[in-house]
Amino acid sequence: MKIRSLVAAANIGFMFLLLVGIAAQAAEVKVLSGGGMREVMEDLGPKFERATGHKLAITFATLGAAVKRVQGGETADVVIILQQGIDGFVKDGKADAGNVTVIARAGIGVAVRKGAPRPDISSPEALKRTLLAAKSITYVDPALGAAGGIHFAKVLDRLGIANETQSKTVFPKPPGTVGGVVANGEAEIGVQEIQLLIPVAGIEIVGPLPGDLQLTGVFSAAIMASAKDAEAAKALVNFLRTPEAAAVIKAKGMEPATP
């Protein structure tokens, strides 16, 4: 009886130590992600947590806001934003180039309300005519630091119609979205990253910006020099390059990086 009690006590002690060991290995990974990756990360985040036992603490921001936060001293284990922002971190010594991994690519598209006539955007000239004929257009206010909004403002300048479209532009009021503004009829045409338009009900994507007006955004993940647990951070980045992650990235309207 006494021997059985000792064995039972030993087993309980072993299980306790095992659980403590598992808990010690689990980590919270602080992630700062660009808004363009929101749909992907909200899908893959729980899957990563179940697969590894690590926990993710994710915050989302525009490219400009994310860069500003890091430059202002905010720390994160992993930052997932457009490559141009990551390049700045490498230059400043906040991340090492060897710890930067391309995750996905995405383009900018044009959307209209569901059931509305599909305008011609087959060429830069066709897009110009469509935008001039539209009663209203919407895209993210460039002042918010969103890469898509900044780029489309440049497209309007390049087409020579920035002044003509200014009075009929409706910027979404946060937390509203470009797709939402189109869906509720506030704007006839919306322009934003395709992966952000896809999940919005009540709209249809006409197609991508034509020709060299397109901007292909490259989203990369950087394990920051400030990472508290580099191994846990690396586990997340590796997970984002798995076939399972690639399938989700593709389903969300983005192009997964080639391993």
Side-chain angles (χ1 to χ4, degrees), residues 33-40 60-68 81-85 104-114 116-219 252-254:
S33 173
M37 288 289 291
R38 178 185 287 272
E39 293 291 325
V40 170
F60 297 95
T62 64
L63 173 63
V67 170
K68 187 176 181 179
I81 58 175
L82 290 170
Q83 183 66 46
Q84 55 262 46
R105 295 175 175 82
I108 296 175
V110 177
V112 296
R113 194 174 188 181
K114 190 172 183 179
R118 298 171 69 88
D120 184 5
I121 61 168
S122 59
S123 67
E125 279 302 313
L127 176 64
K128 179 179 179 178
R129 290 192 297 269
T130 289
L131 293 173
L132 287 174
K135 294 179 180 179
S136 54
I137 64 175
T138 182
Y139 59 99
V140 177
D141 187 347
L144 296 179
I150 292 171
H151 176 72
F152 189 62
K154 293 178 180 178
V155 168
L156 294 175
D157 279 332
R158 181 173 168 183
L159 293 176
I161 57 174
N163 291 333
E164 290 89 336
T165 56
Q166 185 174 5
S167 63
K168 58 183 179 181
T169 296
V170 181
F171 291 131
K173 297 178 181 179
T177 64
V178 168
V181 172
V182 174
N184 64 25
E186 289 183 68
E188 187 176 326
I189 292 177
V191 181
Q192 195 176 29
E193 289 88 341
I194 293 173
Q195 75 273 19
L196 297 178
L197 294 172
I198 286 177
V200 181
I203 67 173
E204 294 179 351
I205 297 175
V206 180
L209 289 179
D212 60 1
L213 295 182
Q214 181 58 263
L215 172 70
T216 299
V218 178
F219 285 87
K252 298 298 182 181
M254 304 176 78

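Position 1 is the first residue of the sequence, and the numbers go up from there.
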For [X] against [Y], the heavy-atom pair lying closest together:
X	Y	answer
His151	Gln214	NE2-C, 3.9 Å
Leu127	Pro210	CD2-CD, 3.9 Å
Ala147	Leu82	CB-CD1, 3.2 Å
Phe60	Gly34	CD2-O, 3.8 Å
Ser122	Asp120	OG-OD1, 2.7 Å
Pro119	Val112	CD-CG1, 3.7 Å

Just verifying a value: how many Å separate [X] [atom1] and [Y] [atom2], rounded to the nearest 0.5 Å?
X	Y	atom1	atom2	answer
Ile203	Ile189	CD1	CD1	12.5 Å
Ile205	Gln195	CD1	CD	9.5 Å
Glu188	Ser136	CD	OG	5.5 Å
Met37	Ile81	CE	CD1	11.5 Å
Leu197	Glu204	CG	CD	12.5 Å
Lys252	Ile194	NZ	CD1	15.5 Å

Query - Leu156/Tyr139 under side chain to side chain contact (heavy atoms under 4.5 Å, CB included): CA gap, chis, key distance, verdict - result: CA-CA 11 Å; Leu156 294 175; Tyr139 59 99; 3.6 Å; yes
Would you indicate whether the side-chain heavy atoms of [Y] and [X] approach each other to under 4.5 Å?
X	Y	value
Arg158	Asp212	yes
Pro172	Val178	yes
Leu159	Leu213	yes
Lys154	Leu215	no
Ile108	Val191	yes
Val110	Leu209	yes
Glu186	Thr138	no
Thr62	Val140	no

Requested in this report: Please step through side chain to side chain contact (heavy atoms under 4.5 Å, CB included) for the pair Gln84 and Leu63, ending with a clear verdict.
Outcome: CA-CA 9 Å; Gln84 55 262 46; Leu63 173 63; 4.0 Å; yes
Requested in this report: Take Leu132 and Ile161 through the side chain to side chain contact (heavy atoms under 4.5 Å, CB included) test and state the conclusion after the steps.
Outcome: CA-CA 8 Å; Leu132 287 174; Ile161 57 174; 3.6 Å; yes
Query raised in the report: Any donor and acceptor pair, going by atom type alone, linking the side chain of Arg113 with main-chain N or O of Ala183 inside 3.5 Å?
Result: yes
